[in-house]
Each structure stands twice: as C-alpha cells, then as structure tokens.
Undergrad: 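Below is a structure I'd like to ask you about.
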Amino acid sequence: MIRLLLSHQWKEATRSSVWQKNLAVNLVLGFFMLLLLLYVVVLSAFMDVIIEKAWPDKDPVAVINGALLYYFLFDLAFRFFMQELPVLGIQPYLHLPVGKGKLVHFVLWKSITSFFNYMSLLLFIPFALKVLPEVYGLGGAWMWVLGLFLITLINNFLTLYFKRQLVEKPLVTFGFLLAIVALATLDYLNLISVGAASGSFFRALGQNPVWVLVPVALLVAVYLLNYRFLIAHTYPEEMRISKQSKVGTSAEIGFLQRFGELGTLIGLELKLIMRHKRPKSTTMMSVLFLAYGFIFYTQEMYTKGFAMLIFPGIFMTGFMMLSYGQFVPGWQSAHFDALLTKRLSPYTFYLGKFWMFVPACTIAYLVTLLYGLMPGSGGKIMLINTACFLYNIGVNTFVVLYLSTYNKKRIDLSKSASFNWQGVGASQFILMLPALLLPILVYLPFGLMDKPWWGIAAVGIIGLLGFLFHRQLLGIVVNRFQREKYAIAAGFRQA
Amino acid sequence: MIEVRDLQKNYNGVTVVNIPALTVQKGETIGLVGNNGAGKTTFFRMILDLIRPTKGEVFSKGENVRATEDWKQYTGSHLDEGFLIDFLTPEEYFAFIGKLNGLTTGDVQAFLDRFRDFFNGEILEQRKYIRDFSKGNQKKVGVAAAVMSDPELLILDEPFANLDPSSQIRLKNLLKDLKRQGMTLLISSHDLSHVIEVCDRIVLLEKGQVIEDMKTDETTLKQLESYFTV
C-alpha cells in the first residue's frame, strides 16, 4: 500500500506540467543543501577544537550538552518558517478501501524524510563519534545520538502541528509561540536555566540509557497529537457563511466599490483570501514576518553595514506580496477560464493585482516604521526601509507579476487545507531570490565605491521610477501573458 | 457572426478538430452533436480563445478572436465549472458579472427576477458557496451568468446535462425565448430531441470533422438516431 502511494506521488510529480520548472528549482535547492551539509559535517568534526579555542577553560562536552536545548529551540523557530509540510491529495483515496489511518500515517511518515531532520544528525554525529566514546563509552555515545535524533523528530512533528493549527486555531499556535518566548525570557532573566536543564539531561542520557524514554514518550505524544488532528481534518474545507448575502449588498466591501472595475477585482481577490485557508495562512505568515527585523536590527554586525539591512527591508515590506504573488494567477486556477472569457481585459486583471500589492506593501511599510524607535540605528533603518518599500512597489511588483506568467500549476483551494500545503516553505524562498538579490545588486557598486547612501538612494529612485511607469511595465507583463495564457489555462485545467 | 477558416487542433500528432470552413449567420441557432471525444468542447474553446489552434483562425464579426478582445463584449459563454468562481455565493457571483458588464445593482436584481422560475428557489438566498451546490444547480448559475450581459452570441456546452427533467424543459423554453429575441446560439448536447427542438441547424462532429451539417426538419431526429445507433 505504502509503495503504491509512493508510486502515485512520484507519478503526480513527474507527470505534472510544471515538472521541468520544479526540477530546476529543486536542483538549485539541492545544490545549496549539499553545500550546506558539507559545511555542517566539517564544522561538526572540528567542533571540539573550536570550543577549546573559544573557551579554553571549559569541557567541550559540557558546553555542547548545555547548548543543545537552545539549539533545538532555534531549530524549532527555523523550521516554523522554512519546513514544508508533507502533501498528499487524499480526496481520491477516501472512498476506496484504504483506511484513513493509513493515509494519515503515510503523510506523517513522509515528513520524516525532510532535510531538516538530518541536519542535527550531521551536525552532531561526527562530534559524538570523535569525542563522546571516551566520556560515555560507545554505547553511551549512541544513546546520546539517539536521544538527539528523537528530539529532532519531536521538533519535526511540533512544527507540523503548529503550522497547521495556524490556520485552524491560530490562537493555539500563537499561544505556543508565546510560551517559547516566555521560556526564553525567563532564561534570559536567570529565573530558570534552560542551559542547566539541557546539560544535566544530555549527561544523564550518555550515562544511563533509561533516559531515552523521555524523548520517546514525548515523540509518541506529539505524533498522536498530529495523527488525531489530521484524522479529524480529512474532509474538504468546511466553512460556514455567517450571514445571508443579497445581491449588491452586505458582503461587498463598500470602500472598494468606488474604484469601479478594479475595486471589484480586488474585492474578489480579498474574498478568495478570506474564504480559503491556504491563502489566509500565507497572509498570516506575513504578519509574523514583520517581527523578522528583530533578528537583524539587534545585531551590531548588521546595523553597521547597509547591504544586510536592505535584505530585511525588502523582505518585511514585501513579504505579503512576494509570498502570495508568486502563486498568482494559480490561486484563481479553478475559475481561470471565466477570467479569460468574461468582459475583462488582461491588463485590468494585472492592474488589479498591482493595486492589491501596493496597499499590502504600504501597510507592512507603515508597521516597519516602528523599528525607527530602535535606539541607535532607528533613523537609518527607517530610511533604508523607505527605499526598500519604494523598490518593492516599483520593481518587485513587476518582477512578481512577470514571474507569475510562468505559473502553470493548478492550486486546488477547495481541497482540505490541512493536507494541501504545497509551496509553503523553503522552495518559496528560492522563487523570491531575484526579488531579494536585485536590489542588493543595485546597491553594490555604490557600496564598493564607499558611497552607501547613494546606493540606498539608487534603490529608492529605481523603485519610484518603476512605480511611475507601472503602466508601461505592466504592458510588458500583459504581452507575455497573452502569449502564455493558453499554456497557463491548459495547466490549470489539469485537475 | 462566426466564421471558421481551416481550423485544426492537434495533440501529439492526433487531430482532434479539423474544420476547413464553417459559417454561423447572425441569429442562427446551431446544435453541435457528436460522441465523446468528437471535439465539441475543444472547438468551443478555440472560439473563446482558450486554446491556441494548431492551424487556422476563428473570426467573430470579421475579427480574429486571437487578435482583439472585442468579442468578449457581446459573447456569453458557459462550458464547465471552470467558468464559475466557486468560492462566491451565487448572488456575489452575479453581482461580480454584473459589474464587469456595467450593470447596476438594480439591473442585476431585475435580471435575477426574470430567472426566478428557472432557478426554482434553489439558487438564491441559500447561504451556500457555489462550490457546495450540486452540478445541476451550478449549471443553472453558469447559464444565467452567461445570459446576463444580454449577449449577441451565446455558447453553451451541454447545458442540459445534470439538470432535472423540469429544469431541462425550463431551459429549453428559455433558449427558445432567446432565439426569438434574435440571439445567436451555439449549443452542444447529447440530448438529441432537446437540441433539435431548440436549434434550426445541426452540425454533427465525428473525430473532429464535420460529417453532417443540416437544417432541422421532421426527419432530422430519425437521421441522427440512425447515425448514433450502434
């Protein structure tokens, strides 16, 4: 059975009309991963040496043991944004004599193959084999590694659960995140010590194999949590309509009506976002990403420079546009034929998208202005973010919409969102690369000439120019769209 | 109204549509019949510029449909669920289509009142999204939306399929009304008696080729039945 499902998945991937495109993306992704893994293994092999150099008076094993829980907290945060959830179109199997449980187990086990789960093994096995046998004996060393791997898996399933809950019950996820933040704060204030707990746990693990039962029990619990959640969500999206709608009244967003046809199109798209879990979660993620600046702005090594501040600037003011926009027009694949045959020109269609992105970026920009309150570098951050914002609405809108004409993969929004998460993870960042790297390339020559403010100004001015000439730029997008629309429509018709 | 010149569509070397010439006059009502895979839907999609023909052109009012978008102004169409926006309620969908066609809220309301009979109380005020309706009711929404702009040309793919018998009769009457108003109709159907009743001209497709093109009269049904009998 599992073999059959695997073969179906393989066929689904290879027979889709976008296989070639995904292949390129996956190759790029794969290359970077290999490189990263190589670094990780080398780092691991020399970890004891590095630690001895950094803290000559401390025992490397104790340092690592104490740091491990911090590492896992970081791992969890990292996964939350980067890990893709495993996908299986379960609808066609539900009426067949295959237990729902089997399908759910399949989806869950598939997640174990995620690259993120092997990261910690590669990071610590060479170290463990080199250093630990002397301390804990060979058996103890392997127990230590086993415990480590089990905690990695716990992180894996925690991520899956809370990432899915983000849509179903956002409060649960926010509560969990708050708990983590509270833990970190308590640790920071020295009220409790995560480091001490971590140190004693991993020492105990090395000395007495019984301790491995702790992560085993936790893993079983979190696996069951996922299992119960998914089994309850095998039905297509259930959404209630709270109030009865009359033609032309209620549900219409009055404000938008003032903008005529464009307003109608934007209103339609907002309904699409509000009424489907996937685009909704994409939008919610972009709210979370507004806190991304804290990672950069609290480090002096970043705030001293310029290039590394452009990156969060573009990212925060444009995340909503970048993450939602890269699937345009796939979100509308189910009614794409309607859009092509109704009285609606492709130009208006794209103009509507443009005028949806601009306010989204503007709102994000206004929020990021709060970073101006950061002591020391606040003013600089505000200016850079202003330039990045202009660049986003002037150039990146256009980049995103141009790339959208390469989108030929149907997104089925009416299927259950809990199983349908393709593209919410690392691979979406690959597609953002041009949007993130181009502004840095614009800045770079000025930076090298030691005129950083000129570079920032250049980024802003190019953005402003792009915004002023958006009609012309959109014209280029529409021309390409006109050529590609048959292929796009054909791709979208593939169920 | 519609002129087809040397139209061909091939998929992987197999010709699915091959129509050297076909002309539809204004006000004509044409029924397209043929077995599954005869190329009816593909033909419609090429008229609506949804599929790029391998060869040849379709002209609507003398203009190549691929060159301009003027045909959208006077063409109403419903082929399948892909023409519906399934996360809207029917009311919202009609309002959306109305907006695109420059109708006021009052116009849309008046239009829907005319359709109250056809909807049979199952479409409006249901507190359901279109995706949660049955296939038949979805079809009613699609047909109504296609007619809403009061188009000169109406293209429907199997409008009778999935409808209950009374709805089929209501739809037939509706189409006859539209015909009387002078609307040009292009309808495909597997229901021979319905399509003959509505249409003045029947075009029979087989493997993408027009093998019969005739005016309807008393003997048409017999002729078609003998063709389709296995």
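Order of the sequence lines sets the chain letters (A, B, ...), proteins ahead of strands, with each chain counted from 1.
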Undergrad: Is Glu69(B) close to chain A through its backbone or its side chain, or both, or neither, when contacts mean heavy atoms under 4.5 Å?
TA: side chain

Undergrad: If you count heavy-atom pairs under 4.5 Å with chain A, which of Asn101(B), Ile97(B), Leu48(B) comes out on top?
TA: Asn101(B)

Undergrad: Using non-hydrogen atoms and a limit below 4.5 Å, what part of residues 5-16 of chain B faces chain A?
TA: none

Undergrad: Is the closest basic N to carboxylate O distance between Glu152(B) and Lys61(B) below 4.0 Å?
TA: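 Answer for the salt bridge query: yes.
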
Undergrad: Sequence neighbours left out, what passes side-chain hydrogen bond (donor to acceptor under 3.5 Å, both in side chains) with Lys55(B)? Give chain and number order.
TA: none

Undergrad: Looking at Leu88(B), Thr75(B), Leu79(B), Asp80(B), which has the largest count of heavy-atom pairs under 4.5 Å with chain A?
TA: Leu88(B)

Undergrad: Checking heavy atoms, do the side chain of Gln482(A), its backbone, both or neither come under 4.5 Å from chain B?
TA: side chain

Undergrad: Considering heavy atoms only, which positions within residues 20-45 of chain B lie below 4.5 Å of chain A?
TA: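 Result: Arg45(B).
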
Undergrad: So which bits of residues 471-480 of chain A come within less than 4.5 Å of chain B, counting non-hydrogen atoms only?
TA: none

Undergrad: Determine, for Phe119(B) and Lys140(B), whether the Lys NZ or Arg CZ falls below 6.0 Å from the six-membered ring centre while staying within 45 degrees of the axis.
TA: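 Negative - Lys140(B) is either too far from the ring of Phe119(B) or too far off its axis.
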
Undergrad: Hey, are Glu92(B) and Arg275(A) close enough for a salt bridge, meaning a charged N less than 4.0 Å from a carboxylate O?
TA: yes

Undergrad: Which bit of Leu100(B) comes within less than 4.5 Å of chain A, counting heavy atoms only: side chain, backbone, both or neither?
TA: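 Leu100(B) touches chain A through backbone and side-chain heavy atoms alike.
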
Undergrad: Would you call Lys72(B) and Asp49(B) a salt bridge, using N to O less than 4.0 angstrom?
TA: no

Undergrad: I'd like to check Gln332(A) versus Phe349(A) (side-chain heavy atoms, cut-off strictly below 4.5 Å). Are they in contact?
TA: yes

